[in-house]
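Here's the structure, in structure tokens; my notes come after.
Here is how names work: the chains are called A, B, and so on, in the same order as the sequence lines, proteins then strands, and each is numbered from 1.
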Amino acid sequence: MKKFNKDRRNCLTGLQSLYQSFDPVVSINSGQVFLWEKRGNSWYGVHGDRIVRFAQMIDGHAEFAAFPEDRLCEQKMFRMGDDVRAIFSEISRDPLVRRLVRTYPGLRLMRQEPHQCLFSFVCASNTNIPMIRRMLYTLTRKFGRPVHVDGIEFFTFPSASDINRASIDELRACGLGYRAKAIKAAAGAIATGQLDFDVLKSTGYEEAKKELLQVYGVGNKIADCVLLFSLEKLDAFPIDVWIARALAGHYRWLHKKKFGDKITPHQYEQLSESARDYFGRYAGYAQQYLYYHMRQSAGKKW
DNA sequence: GTACAGGCAGTAT
DNA sequence: ATACTGCCTGTA
């Protein structure tokens with residue numbers, strides 16, 4: 001009897017800490033955001049037209065600040081309104097994800113500024129993470145606004161019209177290569193109002209995705225990333241090469257025909273739909289755990 | 001030198 | 001529908 005109570009208590013506290021132990025550092029380093037850097041004991045990030053700072057204190061509690069100040073910023077960015085208990089319970093119907101949720105405590109989805117998110121993932125096409133960071137860093141230095149925090153100069157993420165004002169050659173000079181044309185197209189779509197993120201936030205997944213796909217340079221993968229990371233579509237399930245590998249390795253039964261880590265657009269649609277159906281309304285959360293796991297297993301630092 | 005990295009559009013079958 | 005190609009750029 002005594003033993004039972006003890007085990008039960010451990011079990012409960014274990015679950016509680018699992019639900020509460022959000023770790024920004026793990027999440028920041030999980031490949032969903034790019035413009036964060038550690039200086040001293042603090043992490044600094046670019047969030048649209050703000051610089052944010054996150055610091056873990058010695059006693060364990062965390063301190064967050066936005067410059068200029070924004071009291072709701074922390075809640076929004078770190079998705080503190082999400083019912084993680086419900087989310088974990090839902091995605092843990094899958095045994096592998098169930099294990100990963102426990103293996104990587106603290107990993108969460110973050111909420112990004114839509115325009116920063118779109119530009120980031122357009123830059124991400126056919127390259128690696130250090131390169132993506134370099135491109136975005138250069139974009140901020142060239143077209144963003146300087147903000148000084150703790151005596152360090154940071155640059156905000158440029159607005160769509162900031163970027164739209166630049167020529168393709170100027171964008172190219174940021175190291176974007178052939179992506180410059182797509183960046184310019186995206187900036188134009190936003191600046192002219194053809195792409196309206198506020199509208200897309202309130203429409204369903206299918207409708208919002210259709211709109212994003214209209215933009216030159218935006219395909220299935222980029223659209224799903226933007227939907228998941230910035231437009232409140234937690235059921236979006238982006239498939240990059242890492243997720244394709246995960247699906248091919250652990251979820252072959254999701255698709256009738258053979259597939260590898262290079263998938264055709266048609267295979268993408270089939271697989272993504274099956275995965276959304278299987279993992280449920282929080283499929284995007286499951287995706288993040290799978291993604292992180294695949295990269296960890298491959299020994300990727302970035 | 002050359003293969004490769006978190007895709008995409010264009011073109012030809 | 002599917003296959004194939006080229007594409008900027010830095011690193012191994």
Would you indicate what A:Arg179 reaches in the nucleic acid, counting non-hydrogen atoms under 4.0 angstrom: base, sugar-phosphate, or nothing?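 The residue A:Arg179 makes base contact.
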A:Arg295 NZ/CZ over A:Trp242 ring centroid, <6.0 Å and within 45° of normal: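 Yes, a cation-pi geometry holds between A:Arg295 and A:Trp242.
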Under the 6.0 Å and 45° cation-pi test, does A:Arg276 pair with A:Tyr205?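 Yes, a cation-pi geometry.
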Please confirm whether the ring centroid of A:Tyr104 lies under 6.0 Å from the ring centroid of A:Tyr289.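 That pair fails the under 6.0 Å test.
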Do A:Phe237 and A:Tyr285 have their ring centres less than 6.0 Å from each other?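 No.
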Ring geometry between A:Tyr278 and A:Trp253 (parallel below 30°, tilted from 30 to 60°, perpendicular above 60°):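 Rings of A:Trp253 and A:Tyr278: perpendicular, as their planes differ by over 60°.
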My understanding is that only residues two or more places apart in sequence, or in another chain, count here; which of them pass salt bridge (Lys or Arg N to Asp or Glu O under 4.0 Å) with A:Arg111?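 With neighbours one apart ignored, the set is A:Glu232.
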Reading nucleotides 8-13 of chain B from the 5' end, what letters show protein touch, with B for base, S for backbone sugar-phosphate only, - for no heavy atom under 4.0 Å? SS----
Roughly how many Å apart are [M] and [N], using the [atom1] atom of each and rounding to a whole number?
N      : M      : atom1 : answer
C:dG10 : B:dC8  : P     : 22 Å
B:dC4  : C:dT5  : P     : 15 Å
C:dC8  : B:dG10 : P     : 13 Å
C:dG6  : B:dA3  : C1'   : 16 Å

A:Phe157: which residues meet the ring pair (Phe, Tyr, Trp, His ring centres under 6.0 Å) condition with it, sequence neighbours left out?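 Result, ring pair (Phe, Tyr, Trp, His ring centres under 6.0 Å) vs A:Phe157: A:His115.
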Looking at residues at least two apart in the chain, or sitting in another chain, which of them share a ring pair (Phe, Tyr, Trp, His ring centres under 6.0 Å) with A:His255?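 Counting only residues at least two positions away or on another chain, A:His255 forms a ring pair (Phe, Tyr, Trp, His ring centres under 6.0 Å) with A:Phe259.
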Is the number of heavy atoms from other residues, nucleotides or ligands within 6.0 Å of CD (A:Glu37) greater than 12?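 Atom CD in A:Glu37 is crowded, with more than 12 foreign heavy atoms closer than 6.0 Å.
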Please list residues of residues 243-263 of chain A whose heavy atoms come under 4.0 Å from any atom in DNA chain C, ordered by number; otherwise none.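 Residues of residues 243-263 of chain A under 4.0 Å from DNA chain C: none.
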Take the protein atom NZ of A:Lys301 and the nucleotide atom P of B:dG6, then report the distance between them rounded to whole Å.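 Those two atoms, NZ and P, are 16 Å apart.
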Just by distance, no angles: are the side chains of [X] and [Y] close enough, under 3.5 Å, to form a donor-acceptor pair?
X        : Y        : answer
A:Asp94  : A:Tyr251 : yes
A:Asn220 : A:Lys209 : yes
A:Tyr268 : A:Asp224 : yes
A:Ser159 : A:Asp162 : yes

Identify all side-chain donor-acceptor contacts of residues 55-67 of chain A below 3.5 Å with residues at least two apart in sequence or on another chain.
{"from": "A:Asp59", "atom 1": "OD1", "to": "A:His61", "atom 2": "N", "distance (Å)": "3.0"}
{"from": "A:Asp59", "atom 1": "OD1", "to": "A:His61", "atom 2": "ND1", "distance (Å)": "2.7"}
{"from": "A:Asp59", "atom 1": "OD2", "to": "A:His61", "atom 2": "ND1", "distance (Å)": "3.2"}

Summary of salt bridge (charged side-chain N to carboxylate O under 4.0 Å, His left out) pairs that have at least one residue in residues 173-191 of chain A, sequence neighbours excluded: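 Non-adjacent pairs meeting salt bridge (charged side-chain N to carboxylate O under 4.0 Å, His left out): zero.
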Listed pairs under 3.5 Å, donor-acceptor, residues 141-149 of chain A side chains, sequence neighbours left out:
{"from": "A:Arg141", "atom 1": "NH1", "to": "A:Tyr137", "atom 2": "OH", "distance (Å)": "3.4"}
{"from": "A:Arg145", "atom 1": "NH2", "to": "A:Asp49", "atom 2": "O", "distance (Å)": "3.0"}

Along DNA chain C, 5' to 3', what are the outermost nucleotides having an atom less than 4.0 Å from a heavy atom of chain A?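 The footprint of chain A covers C:dT2 to C:dT11.
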Under 3.5 Å, N/O pairs linking protein and nucleotides 2-4 of chain B:
none

For A:Asp261 and A:Arg245: C-alpha separation, side-chain torsions, deciding distance, then whether salt bridge (charged side-chain N to carboxylate O under 4.0 Å, His left out) applies. CA-CA 5 Å; A:Asp261 52 4; A:Arg245 254 167 234 163; 3.0 Å; yes
Can any side-chain N or O of A:Gln32 pair as donor or acceptor with the backbone N or O of A:Met110 at less than 3.5 Å?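 Here the side-chain-to-backbone pair exists.
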Nucleic acid contacts - residues 278-297 of chain A versus DNA chain B, non-hydrogen atoms under 4.0 Å: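 Heavy-atom contacts with DNA chain B come from A:Tyr291, A:Arg295.
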Dot-bracket for DNA chain B, please. Rules: Watson-Crick or G-U, both distances under 3.5 Å, ( ) within the strand, [ ] when a pair crosses earlier ones, | for another strand, . otherwise. .||||.|||||||
